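What you see is a predicted model; the values in this text were computed from it and never measured. Throughout, protein chains are lettered first and strands after them, A, B, ... in sequence-line order, and every chain is numbered starting at 1.
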Amino acid sequence: MRTLLQSVQLIDPSSAFHLQRKNILFDNDKISQITDLKPEADEMIDCARYSLSAGWFDMRCYIPAGQEHKEDFETASRAAQAGGFTELAILPNTNPVLQTKESLQYVKNISKNLPVRFYPIAAVSLNCEGKEMTEMIDLHEAGAVAFSDGINPINNNKLIINTLEYLQPLSQKLILWAMDSKLSQNGQMHEGIESTYLGLKGIPTIAEKIAIRTALELLEYAGGTIHFSCISSAEAVELIRQAKAEGKNITADVAAYHLAFTDADLKDFDTNLKVNPPLRTKNDRKALLEGLADGTIDAVVSGHIPQDTESKRLEYDLAEFGMIGLETAFPSLQSFGKANFSLTQIVEKLAINPRKILNLPIPKIAEGERLNFTLFDPLQEWIFSENDIFSKSRNTPFVGMKLQGKVLRTFFSQ
Amino acid sequence: MLSVNHLLGIKDLTRPDIELILETAERFKEVLNRPIKKVPSLRDITIANVFFENSTRTRLSFELAEKRLSADVINFAASSSSVKKGETLLDTVNNILAMKVDMIVIRHSSVGAPHFLAKNIKATIVNAGDGTHEHPTQALLDSYSIKEKLGTVENKKIAIIGDISHSRVALSNIFALQKQGAEVMVCGPATLIPKYIKHLGVKVEHNIMNALRWCDVANVLRIQLERQQGKSFPSLREYALYFGINKQRLESLDKKIVIMHPGPINRGIELTSDVADSEHSIILDQVENGVAVRMAVLYLFAEKIKPQ
């Protein structure tokens, strides 16, 4: 099967053709030609409005294995594909938890028949309970791409120190979701004017700030490297900016939907907007965009957390946290961030930096390379509808919203 | 006509809405003092009082208001029945609606539960208290009582005293009083006052005497021991000592202020008995006015579903 992408814009800073329009011929599972000529092909795609980049990589995707009514690997792979992702790192908070060789092997094997590749992030602590360490060397050998307790914050300084020390010889990364659980306890949304107005218990910014500060101190003491996942506040951005300036070995990401919504959108108690870390203020959103633009925040993640109707169509405080995010990650980044950064930067945040952070190879748009690419239209405006959801769960507030930027297709060969 | 289709919160009401409710309540108060206290206004309306949280006075007050208006009334207390069997709020209420009910009066421990129902079912919703959010009929009866006592709410200084963080009465009162042009202060231990409350345009005070000296009306809240998540103050003894209102404190003022309380009172904690039962207090007037105000609310919303 030969597919010709006609006049497609290459977004690949490593290529001599970066930002140029070329005809690209895919021959089965490889790029066979990048040319100005028009070679014969079985399928021709007019790409005059489209761009092609390395396939996107999601560093924070939650697949609630053990709760297949919410999502399974197959539905997640279709949602990922629709969102332009070809590779994803899976959080360990599945049932069973990703803390044994076998469970890691399962995640790696399951991709074989799917249009995406899943990488396991192994648990830091047994059952992600923040107490006992998992067998990290064994999990490293079994193919863990990083270590994290995923959607459970770690509030155990000794465990963080031990993990940082233990992981260093393995060149493995600790991914932290920074949140002080005591300060965020029973919180339902960002603590601020809006939560006061709505009478809902808040999750204060300081819960995130204090956890990041603590982690930075622990990092200084223990050495190693930390990736801060899903940061949400202006204060967090500033702390990370300063720490990076001081040369600390850290990276950070933000969930795409944190760029699209704020706490003010919760006025109607839409449980689809109930996420953790919570949507914060306009000012925080602005800081997140600035942090992305100046490189303080390295990557954008889907923050995909599927929840079924039964977990969401409830009284606000009884509803579960989480939003699906794979299908809408790029359009939210493009719609809400396009004034702040270029297409090249967007591709860095979605495709290049996540792989750099996890030490994985970055797909190149070059002859002979295996297919691992995303084709997208950065300018197309469209209205996100129920039909655009491929996840098994439908917990998204984007339905009915006008967005800019659309993924057309991914090309991926295992 | 009211500008809204449900009474979810004072937040959604306009000043004319509030004035219309209070004027209508005045007419019903007059009815309540007649030898025959019943009017046929809601004869073809069925109202369900659905209470997912314990309540005595609010439920009685609503039920009485409904009966005085000749509505058909059913009561449902869910804390011990279906909820424990795992039925969702939506299912419970839809089951009640299947029996052809026009209005739902709901009390629920979850913030936004009435809003959730209003979005998902076809019936008029009246919020009788949702978690720590709003208690609109309480705020309306409080305004009515202030107006009755002082002639107007406009330009009056109202101090709301006690546990503001866990209080739906406080939030609804702040909205209602501000919409009518009153000045509002909240007073209590700093740990019981939401950090961002100043942004709602209220004064914040932590000294009870300063609050009493400033205000025309002190609306004293119940210390909600059942809603404390993690202890926010050391002891009831200390609270009573430093934030409780007693006769001595009132007598040291060079003016007479009005004392209100939404009930039930923890006597000896937020109010001493000699204050609760004194001439300062309009606590029992509040209870009486509660029925008239709730009649007005039900009547005005019924008017919207079945124009006569």
- Minimum heavy-atom separation for B:V111 to A:D317, with atom names? N-OD2, 4.0 Å

- For B:K119 and A:D268, indicate whether the former's side chain and the latter's backbone hold a donor-acceptor pair under 3.5 Å. yes

- Message: Whether the side chain of B:T132 engages the backbone of A:G199 through a donor-acceptor N/O pair (distance < 3.5 Å, no angle test) should be reported.
- Response: yes

- Message: Counting only heavy atoms from other residues, nucleotides and ligands, does the tally under 6.0 Å from NZ of A:K209 exceed 12?
- Response: no

- Where does B:I197 contact chain A at under 4.5 Å (heavy atoms): side chain, backbone, both or neither? both

- Message: Report which part of A:E191 has an atom under 4.5 Å of a heavy atom belonging to chain B: side chain, backbone, both, or neither.
- Response: both

- Item | Among B:E134, B:K195, B:K11, residue most engaged with chain A (heavy-atom pairs, under 4.5 Å) | B:K11

- Checking side chain to side chain contact (heavy atoms under 4.5 Å, CB included) for the pair B:H133/A:F269: CA distance, chi angles, key distance, verdict? CA-CA 12 Å; B:H133 184 214; A:F269 300 101; 3.7 Å; yes

- Query: If you measure from NE2 on B:H199 to OH on A:Y197, what distance do you get to the nearest 0.5 Å?
  - Reply: 14.5 Å

- Message: Going by side chain to side chain contact (heavy atoms under 4.5 Å, CB included), A:R313 matches just one of B:L89, B:N120, B:T88. Which one?
- Response: B:N120

- Query: When you look at CZ of A:R394, are more than 12 heavy atoms from neighbouring residues, nucleotides or ligands closer to it than 6.0 Å?
  - Reply: yes

- Query: Highest number of heavy-atom pairs under 4.5 Å with chain B: which of A:T271, A:L314, A:D270, A:L200?
  - Reply: A:L314

- Message: With rounding to the nearest 0.5 angstrom, report the CD to OG distance, A:E315 to B:S109.
- Response: 7.5 Å

- Item | Side chain / backbone / both / neither for B:Y196 at chain A, heavy atoms under 4.5 Å | both

- A:I206, CD1 atom: more than 12 neighbouring heavy atoms under 6.0 Å: no

- Can you tell me how far OG1 of A:T196 sits from NZ of B:K198, rounded to the nearest 0.5 angstrom? 12.5 Å

